[in-house]
Amino acid sequence: ENMAASHEQVLEALSHVLEPELKKDIVSLGLVSDIKAEGNTISFKVKSSNPAMHSRKRLEEACIHQVRRFLGEDVGVLVEVEALPKSADRPQEQRRFMPSVKKFIAVASGKGGVGKSTVCANISAGLAKRGYKVALVDADIYGPSMPLMFDVLDEKPSLSGTETNNKMLPVESYGVKILSIGFFAETNQAIVWRGPMASKALKQMFSDVEWGDIDYMLIDLPPGTGDVHLSLVQDIPLDGVVIVSTPQNVALADARKGVGMFQLPEINVPVLGIVENMSWFTPEELPDNKYYIFGKDGAKSLAEELNVTLLGQIPLVQSIRESGDVGRPAVLQENTPQANAFNALIDNLLKAPEVA
C-alpha cells in the first residue's frame, strides 16, 4: 500500500492530541516535525512543554493512540518526544505563561531614587501613543507610583466574567492597561511584605487578569537585587530588561550590580540597555544650558565598559517630575526636550533585536 500519501493523515490524527499545559492540539501549536512513513511504520518528533519524563511518556501514548485510531491498529508508531526550551525562548503561541503577550520588558534599577518608575511610565505611554497595545504592571512593592503617574489614584480594577471564573480588568489610562500593587493598598500605608507574599501577589497580578492581546508588557520592578526579582524573573518569560541609573558613582555602582544580576546564568535575561536619567539640568529660562550636576556621562561610560547599549540620556527637568505628579507622562507633550529624550529612548529600545 502507498503510505507516502499519509503525511496529511498523520497530521489529521495528531490534531486530536492536546498539549496538556498549552491546552491546544500539537499540530496547530507547531509541535510536530519530521514525519516519515516507511512500509507500515510511521515516525515523527513531538515537542513537549513539560520536560518531566512521565509527562513526555503520556504525550507519546496519546500520539500512538490517535495514529492507530485513524490509520489502523497494526501501524507501527515511533515517537520521539523532545522538551521545548524554557518559556521565554519559545515562539509566542508555545508559551505556557500569558501567550497573548508578545514581549515582556522589565525596568529595573540597582537602587531607589533614580527615576526608574518615571522612565517606565514614559516608555509605556510613549509606546501606546505610537499605536502599540501596551500593558504596565507596577510590581514595585515598596513604593508603587503608577496610580499617581497615570492619574488613576482613585480607580480600582473591576472584575470580568462570572462569579466562579472572575478575572481582574486592568485600569486604562492614556492607552496603557495598568495593574499596580498600589491599587490593593491604601495610598497612605507603607506596604511591608515578606518575599513569598510579594511574589504570590505579583504572580496573581499577571495571571488572574484579563489583559487581551498585548504587544509590550512593561514591568516596573522594585529597586535593588533581591529575592522578589528572582522569583518574578523565574515565573515570567522576560524578553529583556532596561536598567535605569543616574550619573553619580554611587548609582553607577548599583547599576553595575543590576546588570550583573540579570546576566547571571540562572537568570539570563538580556540587558536591553542602560538609561541615564537626570543627565543634566536645564532651567526653563535658559533652555540651551546644560548643568551636569551629578557628573557628566557616567552611565554612558558604564554602558561602554559593560558593552551594553546606552538607550538614552534624560535631562533633569522640573516638568518631568511635575507631569508625573499630575498624572500625565512627559513623553505625551509635543516637542519638548524631555518628550524628545523619551522618544529617542523608545526608538533605541525598539531597535533591540530581542524586542523588535
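Residue numbers count from 1 along this sequence.
For Arg56 (side chain) and Glu82 (main-chain N/O), no donor-acceptor pair under 3.5 Å exists by modelled atom type. Checking side-chain atoms of Gln313 against main-chain N and O of Asp297 turns up no donor-acceptor pair under 3.5 Å. Proximity of a side-chain donor or acceptor of Asp25 to a complementary backbone N or O of His16 within less than 3.5 Å is not detected. Judged purely by atom type and a 3.5 angstrom limit, Asn40 uses its side chain to pair as donor or acceptor with the backbone of Asp74. A donor-acceptor pair under 3.5 Å is absent between the side-chain atoms of Lys103 and the main chain of Asp239, judged by distance alone.
Taking CG of Asn289 as the reference point, atom OG1 of Thr282 lies at 7.5 Å (rounded to 0.5 Å). We find the CG-CD1 distance between Leu302 and Ile274 to be 4.0 Å, quoted to the nearest 0.5 Å. Distance check, rounded to the nearest 0.5 Å: OG of Ser279 to CG of Leu310 gives 8.0 Å. Within the model, atoms CG of Leu14 and CZ of Phe44 stand 4.5 Å from one another, a figure rounded to the nearest 0.5 Å. One finds the CD1 atom of Ile314 at 13.0 Å from the OG1 atom of Thr246 (value rounded to the nearest 0.5 Å). Interatomic distance, Glu73 CD to His65 NE2, rounded to the nearest 0.5 Å: 8.0 Å.
For the pair Phe70/Gln9, no side-chain contact is recorded, criterion being any heavy-atom separation below 4.5 Å from C-beta on. A heavy-atom distance below 4.5 Å is not found between the side chains of Ile178 and Pro170. For the pair Ser117 and Asp140, the minimum side-chain heavy-atom distance is below 4.5 Å.
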- Between Ile346 and Lys129, is a side-chain contact (heavy atoms from CB on, under 4.5 Å) present by the stated rule, with each step listed? CA-CA 11 Å; Ile346 293 170; Lys129 190 179 179 185; over 6 Å; no
- Task: Check the pair Ile219 / Phe206 against side-chain contact (heavy atoms from CB on, under 4.5 Å), numbers first and verdict last.
- Result: CA-CA 10 Å; Ile219 301 157; Phe206 289 94; 3.8 Å; yes
- List the steps and the verdict of side-chain contact (heavy atoms from CB on, under 4.5 Å) for Leu84 and Leu31. CA-CA 9 Å; Leu84 276 165; Leu31 300 176; 4.0 Å; yes
- Message: With side-chain contact (heavy atoms from CB on, under 4.5 Å) as the criterion, how do Tyr216 and Ile123 come out once you've worked through the C-alpha distance, each side chain's angles and the decisive distance to 0.1 Å?
- Response: CA-CA 10 Å; Tyr216 292 102; Ile123 292 175; over 6 Å; no
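Within a 6.0 Å radius of CG in Asn307, other residues, nucleotides and ligands contribute 12 heavy atoms or fewer. No more than 12 heavy atoms of other residues, nucleotides or ligands lie within 6.0 Å of NZ in Lys102, so this atom counts as exposed by the packing criterion. Enclosure of atom NZ in Lys47 is not indicated, since only 12 or fewer non-hydrogen atoms of other residues, nucleotides or ligands lie within 6.0 angstrom.
Ion pairing of Lys45 with Asp34 is present here, as a side-chain N (NZ or NE/NH1/NH2) and a carboxylate O approach within less than 4.0 Å. Ion pairing of Lys36 with Glu80 is absent here, as no side-chain N (NZ or NE/NH1/NH2) approaches a carboxylate O to less than 4.0 Å. At a threshold of 4.0 Å, the pair Glu60-Lys57 counts as salt-bridged, since one of the basic side-chain nitrogens sits closer than that to a carboxylate oxygen.
Evaluated for a salt bridge (Lys or Arg N to Asp or Glu O under 4.0 Å) with Lys116, the options Asp254, Asp220, Asp138 yield exactly one hit, Asp220.
Between Tyr292 and Trp280, the ring planes are perpendicular. Angles over 60° get that label, and only those under 30° would be called parallel. Ring-plane geometry between Phe281 and Tyr291 is classed as tilted, the angle between the planes lying from 30 to 60 degrees on a 0 to 90 degree scale.
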